[in-house]
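Reading through the structure tokens given below for one structure.
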Amino acid sequence: KVQVLKRNNFPVVGIGKIEDIFAGRGITKAIHTKDNQDGTACLSQELSTTREGLIFVNLVDFDMVYGHRNNVEGYARALKDFDSYLPELLPLIKPEDVLIITADHGCDPTHPGTDHTREYVPLLVYNPVIPSRNLGTRKTFADAAVTILHVFGLSHSLPGTKFS
């Protein structure tokens with residue numbers, strides 16, 4: 001719940017179409033982007049200047065340009081581009097940071113039609129000092145919100161279980 005962070009005076013930076021998705025609620029700084037490359041550049045910039053808070057990024061091309069348009073080659077290229085960005089991104093994550101990579105829905109470009117397609121989405125969580133392990137299949141997206149609130153030391157009444 002980004003509103004909880006804002007109410008507790010934590011910066012909440014929305015990159016991409018985050019401000020639009022949340023109708024501006026809970027966002028303290030909005031940065032609109034033109035494509036994935038712009039989104040990752042803005043993320044790198046924010047990681048170098050934002051000292052605390054949540055940086056929430058939506059890489060718009062995966063959904064709008066490739067997934068919903070059934071552009072398999074473009075989607076694959078975008079995945080490779082993001083994979084190539086990870087060696088630049090991961091060193092920017094400090095020991096007190098948590099990086100969560102996920103999606104709000106599936107949008108398989110090989111599936112007939114242009115609607116959302118998959119029940120399960122990827123969930124990758126990274127911290128440079130915590131050993132990697134399998135988080136399993138989560139029952140709810142609320143687990144990410146609960147984990148974020150836990151990282152910020154904020155109490156809540158959300159359903160879900162923090163990643164541990």
Side-chain angles (χ1 to χ4, degrees), residues 1-5 8 10 12-18 21-22 26 36-37 39-44 46-48 50 52-68 70-113 115-164:
K1 303 230 353 168
V2 293
Q3 294 96 323
V4 173
L5 293 174
N8 283 276
F10 287 103
V12 178
V13 179
I15 299 174
K17 62 180 186 176
I18 296 298
I21 293 169
F22 286 88
N36 285 359
Q37 185 176 8
T40 56
C42 289
L43 173 58
S44 293
E46 283 303 308
L47 283 170
S48 69
T50 300
E52 68 174 356
L54 176 70
I55 303 172
F56 201 172
V57 183
N58 177 271
L59 298 177
V60 297
D61 293 350
F62 287 115
D63 185 58
M64 295 183 344
V65 177
Y66 304 121
H68 286 298
N70 300 108
N71 184 336
V72 176
E73 293 81 17
Y75 200 95
R77 201 170 38 256
L79 283 172
K80 286 180 181 179
D81 290 346
F82 185 74
D83 283 350
S84 296
Y85 169 65
L86 287 175
E88 176 186 332
L89 172 63
L90 295 181
L92 301 175
I93 307 300
K94 298 181 281 305
E96 63 274 16
D97 295 339
V98 176
L99 171 67
I100 300 173
I101 300 172
T102 191
D104 59 345
H105 60 77
C107 196
D108 183 344
T110 66
H111 190 272
D115 291 333
H116 303 159
T117 55
R118 294 191 180 153
E119 208 166 14
Y120 297 108
V121 295
L123 174 64
L124 303 168
V125 180
Y126 173 76
N127 173 275
V129 296
I130 298 175
S132 50
R133 66 179 190 77
N134 186 339
L135 294 173
T137 301
R138 309 306 293 196
K139 293 181 182 177
T140 175
F141 269 128
D143 291 354
V146 167
T147 300
I148 291 167
L149 293 176
H150 175 77
V151 167
F152 284 94
L154 299 173
S155 60
H156 61 85
S157 59
L158 293 175
T161 306
K162 72 178 177 73
F163 310 145
S164 53

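Not measured: the values here are computed from a predicted model.
- Once rounded to the nearest 0.5 Å, the distance linking CG of L59 with CG of L79 reads 10.5 Å.
- Using a 4.5 Å heavy-atom threshold, the side chains of I18 and V57 count as separate.
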Check your understanding: Can N127 and V125 be said to form a side chain to side chain contact (heavy atoms under 4.5 Å, CB included), step by step?
Key -> CA-CA 7 Å; N127 173 275; V125 180; over 6 Å; no
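- With sequence neighbours excluded, the residues forming a side chain to side chain donor-acceptor pair (under 3.5 Å) with T110 are D108, listed by chain and number.
- For residues 79-89, the set of pairs meeting the side-chain hydrogen bond (donor to acceptor under 3.5 Å, both in side chains) definition, not counting sequence neighbours, comprises S44-Y85, S44-E88.
- For residues 140-156, the pairs satisfying side-chain hydrogen bond (donor to acceptor under 3.5 Å, both in side chains) are R138-D143, with sequence neighbours left out.
- Applying the salt bridge (Lys or Arg N to Asp or Glu O under 4.0 Å) definition to pairs two or more places apart or across chains, those involving residues 54-66 are K17-D63.
- For residues 154-164, there are no salt bridge (Lys or Arg N to Asp or Glu O under 4.0 Å) pairs, not counting sequence neighbours.
- With values rounded to the nearest 0.5 angstrom, S48 atom OG is found 9.5 Å from L43 atom CG.
- Closest heavy-atom contact between V65 and N71: O-CB, 4.3 Å.
- With sequence neighbours excluded, no residue forms a side chain to side chain donor-acceptor pair (under 3.5 Å) with Q37.
- Legend: residues meeting side chain to side chain contact (heavy atoms under 4.5 Å, CB included) with F10, ordered by chain and number and at least two apart, are L5, N8, E52, F152, L154.
- Looking at N70, its side chain does come within 3.5 Å of a backbone N or O of G113 through a donor-acceptor pair.
- A78 meets the side chain to side chain contact (heavy atoms under 4.5 Å, CB included) test with N36, F62, Y66; sequence neighbours excluded.
- One distance of note links CG of L149 with CG of L158; it measures 6.0 Å at 0.5 Å rounding.
- Between the CD1 atom of I101 and the CG atom of L89 there is a distance of 6.5 Å, given to the nearest 0.5 Å.
- K94 pairs by the salt bridge (Lys or Arg N to Asp or Glu O under 4.0 Å) definition with D97, not counting sequence neighbours.
- Considering CG of L124 and OG1 of T102, their distance stands at 8.0 Å, rounded to 0.5 Å.
- Every residue two or more places apart in sequence or in another chain that forms a side chain to side chain contact (heavy atoms under 4.5 Å, CB included) with Y126 is listed here: L90, I93, L99, P128.
- Every residue was checked against the side chain to side chain donor-acceptor pair (under 3.5 Å) condition with N58, not counting sequence neighbours, and none meets it.
- For H111, the ring pair (Phe, Tyr, Trp, His ring centres under 6.0 Å) criterion is met by no residue, not counting sequence neighbours.
- In this structure, G160 and A142 approach most closely via the heavy-atom pair CA-CB, 4.3 Å.
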